[in-house]
Protein chains: 2
Amino acid sequence: MDFEKKIAKIVRFHRMKSGLNQKQLADHAGVGKTAVFDIEKGKESIRLSTLMKVLEVLNIKIKFESPLMNVMEDENEKS
Amino acid sequence: MDFEKKIAKIVRFHRMKSGLNQKQLADHAGVGKTAVFDIEKGKESIRLSTLMKVLEVLNIKIKFESPLMNVMEDENEKS
DNA sequence: GCCATTTTACCGCTTTAGCAGTAATTATTT
DNA sequence: AAATAATTACTGCTAAAGCGGTAAAATGGC
């Protein structure tokens, strides 16, 4: 499953569980209804800022993972 | 620190460690040099698909986290 | 069945991300 | 210090994300 489809499923599931329809979620997030619809449709490309606004309302956090990530955090602590 | 700035740091760090300059990373990812530059500058809004291409080259994975996520996965297994 | 709600799908329109090209500024190396 | 490389910062342009409005499908309740 490609990335956008995965996001689509996650957003839809969380929206359902929080009892919002697409329009309500869009309003809460401060985006247009079309944006929410596009996300849940798994549109190839969306704006990151738009997705973030929606995820914030649904209380979904994003985490980055890589073998280097801990190295990076270590180097940050030295400041 | 806002989200885009965080991404900027992560991308730049990983690019450095992999010994690529912005142009090389852009070419590998199949995006323009401006896109990489904008990401590392922490531009307010970028296209998710563009970011994903870049993260893929740098071997960075994205994970979503929420209290409902395990519930969702459980319901998926019932299919 | 019918009705209300929601979702899907279009429409023009505006804004903007991304593009290559170029130039200037800032490292880095010799 | 000078030359080279890399980054930053513009430019004009094209493609597309997002917008509200509207309308048609799909869904759920009575």
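Every chain is numbered from 1 and lettered A, B, ... according to where its sequence line falls, protein lines coming before strand lines. Computation of the quantities below employed the complete heavy-atom set of this structure, encompassing side-chain atoms and omitting hydrogens, waters and symmetry-equivalent molecules.
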Please name all residues satisfying side chain to side chain contact (heavy atoms under 4.5 Å, CB included) with T34(A), sequence neighbours left out, ordered by chain then number.
D38(A)
Report the distance from atom CD of E40(A) to atom P of dT7(C), rounded to the nearest whole Å.
7 Å
Can you pull out the residues from residues 43-51 of chain B that lie within a 4.0 Å heavy-atom distance of DNA chain D?
R47(B)
Please examine the side chains of K41(B) and F37(B), heavy atoms only from C-beta on, and report whether any two atoms are closer than 4.5 Å.
yes
Could you pull out the protein-nucleic contacts involving nucleotides 21-28 of chain C (nitrogen or oxygen on both sides, under 3.5 Å)?
| unit_1 | atom_1 | unit_2 | atom_2 | d |
| --- | --- | --- | --- | --- |
| dG21(C) | N7 | K33(B) | NZ | 3.2 |
| dG21(C) | O6 | K33(B) | NZ | 3.0 |

From I39(B) atom CD1 to R47(B) atom CZ, the distance as rounded to the nearest 0.5 Å
11.5 Å
Quick one: pull up CG in L58(A) and CZ in F13(A) and give me the separation to the nearest 0.5 Å.
11.5 Å
In the 5' to 3' direction, the nucleotides of DNA chain D bounding the stretch that comes under 4.0 Å of a heavy atom in chain B are dA6(D) to dA17(D)
Supply the atom-to-atom distance I7(A) CD1 to I62(A) CD1, rounded to the nearest 0.5 angstrom.
7.0 Å
Of all residues at least two apart in sequence or in a different chain, which pass the side chain to side chain donor-acceptor pair (under 3.5 Å) check with K23(B)?
D27(B)
Using rotation axes that map the C1' atoms of four end pairs onto the next four (five pairs an end), what angle separates the end axes of the helix from dG1(C)-dC30(D) to dT30(C)-dA1(D), to 10°?
60°
Taking side chain to side chain donor-acceptor pair (under 3.5 Å) as the test, write out the residues that go with S45(B), two or more places apart.
S49(A)
Is there a continuous path of hydrophobic side-chain contacts, each under 4.5 Å between heavy atoms, that joins M69(A) to V71(A)?
yes
Run the side chain to side chain donor-acceptor pair (under 3.5 Å) test against N21(B) and tell me which residues pass, sequence neighbours left out.
none
Enumerate the residues from residues 15-29 of chain A whose closest heavy atom to DNA chain C is under 4.0 Å, giving them by residue number; use none for an empty result.
R15(A), N21(A), Q22(A)
Would you compute the distance between atom CG of L25(A) and atom CG of L20(A) and round it to the nearest 0.5 angstrom?
6.0 Å
Any side-chain hydrogen bond (donor to acceptor under 3.5 Å, both in side chains) pairs touching residues 52-71 of chain B, not counting sequence neighbours?
H14(A)-S66(B)
Give every residue pair that meets the salt bridge (charged side-chain N to carboxylate O under 4.0 Å, His left out) criterion with at least one member in residues 10-20 of chain A, sequence neighbours excluded.
R12(A)-E40(A), R15(A)-E40(A), K17(A)-E75(B)
